Structure formats: C-alpha cells, structure tokens
Amino acid sequence: MKPTSSSFSTNFATTTSKRLQTSLSNLRIWEEFEAKTCLCNKILDGCPDVLTLKKLHAQVLVIDHLHSNPSIGIKLMRAYSSFGEPKTSRKVFDEIPAADKNIVFFNVMIRSYVNNCMYGEALLVYMNMWRYGVVPDNYTFPCVLKACSVSDNLKVGLQIHAAIVRAGLDFNLFVGNGLIAMYGKCDRLGDARRVLDGMRQRDVVSWNSMVAGFAQKGRFDDALEVCKEMETQLVKPNAGTMASLFPAVTNTSSANVQFVREMFNKMAMKELVSYNVMIAICVNNSLPTEAVEIFSQIESKGLEPDPVTIASVLPACGDLSALELGKRIHEYVVRKGLSQNMFLTNALVDMYAKCGCLQAAREVFDGMGLRDVVSWTSMISAYGMNGQGRDAVGLFSEMLESGVVPDQIVFVSILSACSHSGLLDEGRHYFRLMTREYKMVPRLEHYACMVDLLGRAGLVDEAYKFISQMTVKPSEQLWGALLSACQVYSNMSLGLVAADHLFQLVPEQAGYYVLLSNIYAKAGRWNEVTAVRSVMKSRGISKMPGCSNVEMGKRVHTFLVGDQSHPQTKEIYEELDVLVSKMKEAGYVPETNSALHDVEEEDKECHLAVHSEKLAIVFVIINTEPGTPIRITKNLRVCGDCHVAAKHISKITEREIIVRDTNRFHHFRNGTCSCGDYW
DNA sequence: ATAGGGTTAG
C-alpha cells in the first residue's frame, strides 16, 4: 500500500493519513516479527559460539521483552544449555512470568541441567513444578528418570515411579524404558525386569536397557540371557546392544568376548558404534592385534572413524608399539581438526610414550592448550617407564603448580617412576604427600609401588615390614614385588614367605615358580630347583610363552619363543647364528641362570638363543636398512640373557634397540642400556 | 524425548 498524494479533499486526506499510520505501525510490527523470526532461526540453527548467542540474546531483549514470545525463551534456553551454560538457561527461565511458564519451559530447564550433569538441580526443578500447578508429562519423566539413573538416586526414582503410575503414564514406551534404566542402574534388576514384563509395547531400547542393567553390574551371563531372549522375540540386536554389553566385557573370559564378536559378525548393518565397541572390547581384553584389524575394516568399508574410534584404537597401537599406524592416526587427527580433543591428545601422548618415542609424546603434550590429570599422568609414567625419574618428579611439581589436582592414579605413576629410578626418598615423600596432604587412603597399587621401591633399593626387610603393617589384605602384586626383590638380593628366607603366599593366591602363575627356582639356583640349591620344577609339572603349570611384537610395513609381526612359523624362519635363525658368534667374540657368555634349570647346559643355551625378542630383533635387522631403529614389545619381562645380548647386538649392528617389556623401557645403544642394568 | 561407545597406573 503506497501513500497517496494529499491533493484531494481534507476528509480524504485525513483518512489516508490514518490508513498510513495504521499501515506503518503494521509494518513496524511486521518488521519486528520478521526480525524476531530471523533471530529465532539464528538461535535455532545454532550459533557458532556463546558470544554470538549472547549478542543475539541482547537483541531479543532490545526489540521486545522476552515474555511477548515464549518460543524465543525456550530456544535461548536450549542454546545456552548446548554451550554448557545451564545457569544462563536458568536466568532466562526465571525471567519468564509464572503465568506463561508452561510445561515446556520446565521440561527444557530440566533437560538443560541433565545434559550438563547437574542432576540434583534437575530434580529440584521437577519437585518445584508441582507447586506451580504444572503437571509433569511423558517428556518430563524420561528425563528426570535419567537424572536418577546417573546419580544413583533410587529414593527419588521410586517417588517418580509412583507419580508416573498416578499420571497413568506407566504404559508409555519412553517412560517404561527410563524406568528400566533407572532400576538397572540402582541395582534393582528385579524391578527393572518387572517393568519390562509389564510393558504393553517394547522396543530394542527396552531390551538394551535391561542388558545394560546387568552388564553394569558385571553380570555377563544374565545380560547374555536377555540378549538370547531378545532374539527369540525377534528383536534384532543393534549397536546399542553391543554398547550396553560393553561394561561386562572388560577383562573377561575369551568365551564372553567371542560371544560379542559373533553378535557383531552377525549384524547385517554395522554402524560405526558397533565397530567402536568391538575395538574397545578387544583393547580391554588384551587383543590389540584384533583391535587394529577391526580398525582397518572400518577404513576398507569406507566408513569414517570418529573421535571415539580413534581414542579406542590408539591404546592398541601403544600396546603393539605400532608406531607407523599411530603416526598415521595422528595425521588423521590433525587433518580432521581434532587436535583440541583431550581424549585424543591424551591418547596420542600415551601411544607415543608406549612406542618408546618420548620426544614425540612430549611434543604432543607441550602442544596441548589444556591438560587434565590424565595428560600429566601419561607423561609422568612415560618418564617413569624410561627410567627418567627426575623428569617425572619435575613434571609432577609442574602439574601441582598448574593447579591440576592429583588423583590416585597419578600417585601410582609417580611412585612407580620413583621405584624404577631408585628414588627412594622421593618415593617416600610422595607416599606421605598422598596420605597426609591429600588424605587419600592408599590402595593396593600404591602399596605395591612402595614395596617395589623398597625392594629394588635393597631394603627387603623393610619392604616386608611394610606389607605386614598394611590394614588391607596384600595382593598378588605385593608379594610378587617382594619375591622379585628377594631374587635380586638373594634373600631366600623372605623369598620363601612371599612364594608361599603367591602359591596360595595364584597357584597357576608360572612366573612365581620361576622366580623361586631362580632364587634356589643362585644359592646353588639344585635339589630344590628340581623340586620346584616337579611341583610345576604335577600341577600342570607351564610358563606363559614369551612373545614379542614388532611392526613392519603395515602389519605387526608376532614371534613366540622358539617360533618357527614365520616365512623367514630360516634366514632369521641363520642370521642369529652369525650374530651370536660375533657376540661371543666380543665376550658374550650366555647367561643360563635366566632359564629354569631343568635341562642340560647346551639345551639351555639353545633355548635361550630363541627367546622371542631375539627373533624379533633379527627379523628387523634382515628386513630394514642399516641404522633403522628396532622397536620391540614383549609380554614378559626381558630376561638377563636377552638384556646382555641386546646390548651386544646394538653395538655390533650399530642400531638403536628399544624394548618395552611388561615393566619398563630399555633403550639399547652402542652396547649399553638406558636402564643402567637396574630393572 | 528413552539406552549405549573414548584417554591415564599396575
């Protein structure tokens, strides 16, 4: 409508003017409306950052006060919540006049809190809404039930269940699923089951929630039963089922792992999450090779790994010392702009550390904008594993200065670092710091570090006294630390005490029989050596076969003791013979003390000659350019003989040899080892 | 809207 000229009659002019005014004011309203809609959409589409959101919020307040348009308020609350600012959501919420505050506001407020881990606050809002005369609905209940689940709040959970029944919503699918999860988490599996059975309608989430309930309590068999039942009900397991099972499949039997693998294999449509869970399960059950294999399946299926995939597979790279793969993943992280994800940077630091690349680990660590206690722990234990106790101590102080609060785990790392470097006083200092300043109750792991520290320092009696004074029952690790100290320092009487406890705790562990046998051997008590050997035989205990991993090209090669299965076996053994004679010329004498004395001298020497790390070292020598460093990971501690041999080989072949055993790193260079023979 | 997957020690 265009304003007309006023050259007509006055009457007409007045009418026109009035019309004009109305239309102008309509226009203004319309403009405002449009501006608001536009703002709304901007808020809804998601702001790039909080600052932009706050600017938009300010404009909303200028144009008109919030209460004229409730939907803007709701969108603002959601947006603030998504930026982790539930408190700002609350401010918006509080400014809405009571008369306008309908159920949606309450639901969004509750959700804002729940999504930001403020469960108590969420439940308070729920309690308060009754006073406003607002009745919770089918959107409210699942959300508050989640708050109860996560915070293990059975008491409120039960109240909510009662309210649900009163509201007649107990047959709602989402509400029922929420109840199952809540009861499962609060260890009321019977009640969870009753809810499941009473539901008129169930979906895969209902079943998965039931599975999760058992799995979270480590009840794998019960979780498994539910999975089987699902199948009879023709509900197909999905990625969620695997994810729900996951907690029950950490450090579990291979049969349990196998079950999940089969479920995984049977899935017609595999989502990324299924792969991620499968990788995590492998990593958590000492199957790093399988984890890496599943990771490559993701790549070959054309799926794109997400941050969870990466964070899950990196520990497997570390376990295998698969440095090349680790580097490739690092590049991927950088390329995808994920370098600020702390899960990933922490995992990268640890991967490099476990691959023996202290420098690379440190570079990632130094490049981090933010560091949490996990970052520091990884770096501290990296130094610890490499025998650089002083650096670990320095880093611990830096961590405290940076304001990061130490936890139990970082104390394990620093204590272990001290023990590996023989820093006796420092170790004692940290134990006191932990118990006195930070008022932490030492766990078995801390005690084990202390016994190790004292034992390695030769204070075997004090180590034993330390164990005796403990208020908790000593674990296998504690007696194990004492026993190996007894071996190093030839303390037979305490060695027997430790061995006695160990044979009762873990009668199947071959390693402790070997240690005891070595103690006897050092003392020349051959009859006892034979006796230990025959006990082992009669109990059917055999040594866990030593195995070494080495990465070559795109795969990891594994060698067992005396392995003859590798395609290059012939060349490897021939080259080893050549090396051994060169070593003998340089003064190498096979150290037979490291083996069980149950065989003739030559056999022993022969047996030692084929320890897995030797095979792996030679394998790398014949397949790489001169000068290429050799990185080996093994599943047992490196034996005395292999340690001497590796020193010689590093000198003869002019190669750096980096061996990670179950305990620490050994960097062999030019005939010496970084551990200074202290391990 | 409801469940479920990630990094650190020993």
Side-chain angles (χ1 to χ4, degrees), chain A residues 107-108 110-111 114-115 137-146 149-150 172-182 184-185 192 202-213 215-216 237-247 249 271-281 283-284 305-315 318 338 341-351 353-354 371-382 384-385 406-417 419 443-449 452 475-478 480-481 662-663:
Chain A
N107 288 346
V108 172
I110 291 171
R111 190 166 304 283
V114 171
N115 288 343
D137 63 5
N138 54 317
Y139 289 85
T140 323
F141 287 122
C143 200
V144 285
L145 283 170
K146 187 195 169 109
S149 302
V150 184
N172 177 285
L173 177 65
F174 291 109
V175 174
N177 290 348
L179 281 169
I180 296 174
M182 186 275 292
K185 183 69 199 312
R202 286 174 277 268
D203 65 0
V204 68
V205 176
S206 328
W207 290 100
N208 289 350
S209 304
M210 198 64 226
V211 170
Q216 282 155 4
N238 62 3
T241 319
M242 289 186 57
S244 303
L245 265 175
F246 177 68
V249 201
E271 304 159 56
L272 186 63
V273 174
S274 314
Y275 287 98
N276 291 352
V277 173
M278 210 53 243
I279 290 173
I281 289 178
V283 168
N284 278 314
D306 71 358
V308 178
T309 321
I310 307 288
S312 308
V313 79
L314 276 173
L338 297 169
N341 183 326
M342 226 192 287
F343 273 115
L344 299 185
T345 43
N346 288 346
L348 281 169
V349 169
D350 200 60
M351 180 276 293
K354 294 228 167 83
R371 299 184 192 104
D372 64 2
V373 70
V374 176
S375 330
W376 292 96
T377 305
S378 297
M379 206 58 230
I380 288 169
S381 56
M385 283 189 291
D407 65 359
Q408 310 243 17
I409 296 176
V410 77
F411 273 111
V412 177
S413 298
I414 190 67
L415 288 173
S416 155
S419 93
R443 294 191 195 172
L444 281 167
E445 290 88 339
H446 303 112
Y447 286 120
C449 287
D452 201 50
S475 64
E476 176 198 343
Q477 285 71 25
L478 275 144
T662 44
N663 207 33

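Everything numeric here is computed off the predicted structure, so don't read it as measured data.
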Close side-chain approach of A/N284 to A/V249, heavy-atom, < 4.5 Å: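 No. Closest side-chain heavy atoms not under 4.5 Å.
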Do A/V412 and A/C449 come close enough that some side-chain heavy atom pair is under 4.5 Å?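 Answer yes - side chains close enough.
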Protein-nucleotide distance ([X], atom [atom1]; [N], atom [atom2]), rounded to Å:
X      : N     : atom1 : atom2 : result
A/N284 : B/dG6 : CG    : P     : 8 Å
A/L415 : B/dT8 : CG    : C1'   : 15 Å
A/L145 : B/dT2 : CG    : P     : 11 Å
A/R443 : B/dT8 : CZ    : C1'   : 13 Å
A/N115 : B/dA3 : CG    : C1'   : 14 Å
A/K185 : B/dG4 : NZ    : C1'   : 13 Å
A/L314 : B/dT8 : CG    : C1'   : 13 Å
A/F246 : B/dA3 : CZ    : P     : 18 Å

Can you list the steps and then say if A/H446 with A/L415 is a side chain to side chain contact (heavy atoms under 4.5 Å, CB included)? CA-CA 7 Å; A/H446 303 112; A/L415 288 173; 4.0 Å; yes
Would you indicate what [X] reaches in the nucleic acid, counting non-hydrogen atoms under 4.0 angstrom: base, sugar-phosphate, or nothing?
X      : value
A/Y139 : base
A/N172 : nothing
A/Q216 : sugar-phosphate
A/L344 : base
A/D350 : sugar-phosphate
A/N138 : base
A/D306 : base

From the list [options], which nucleotide is the closest neighbour of the side chain of [X]?
X      : options             : answer
A/S244 : B/dG6, B/dG4, B/dT2 : B/dG4
A/V412 : B/dG4, B/dA9, B/dT8 : B/dA9
A/P315 : B/dT2, B/dG6, B/dT8 : B/dT8
A/V308 : B/dA1, B/dG6, B/dT8 : B/dG6
A/A311 : B/dG4, B/dT7, B/dA9 : B/dT7

Can you tell me if the side-chain N/O atoms of A/R202 get under 4.0 Å from OP1 or OP2 in B/dT2?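 So the side chain of A/R202 is outside the cut-off, no N or O lying under 4.0 Å from OP1 or OP2 of B/dT2.
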OP1 or OP2 of B/dA9 under 4.0 Å from side-chain N/O of A/K354: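 For A/K354, the contact criterion (side-chain N or O under 4.0 Å from OP1 or OP2 of B/dA9) is met.
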Checking side chain to side chain contact (heavy atoms under 4.5 Å, CB included) for the pair A/D203/A/N177: CA distance, chi angles, key distance, verdict? CA-CA 9 Å; A/D203 65 0; A/N177 290 348; 3.3 Å; yes
Run the side chain to side chain donor-acceptor pair (under 3.5 Å) test against A/D137 and tell me which residues pass, sequence neighbours left out.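 A/D137 satisfies side chain to side chain donor-acceptor pair (under 3.5 Å) with A/N107, A/T140 once adjacent residues are dropped.
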Partner set under side chain to side chain donor-acceptor pair (under 3.5 Å) for A/S375, not counting sequence neighbours: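 Scan of A/S375 (side chain to side chain donor-acceptor pair (under 3.5 Å), adjacent residues dropped) gives A/N346, A/D372.
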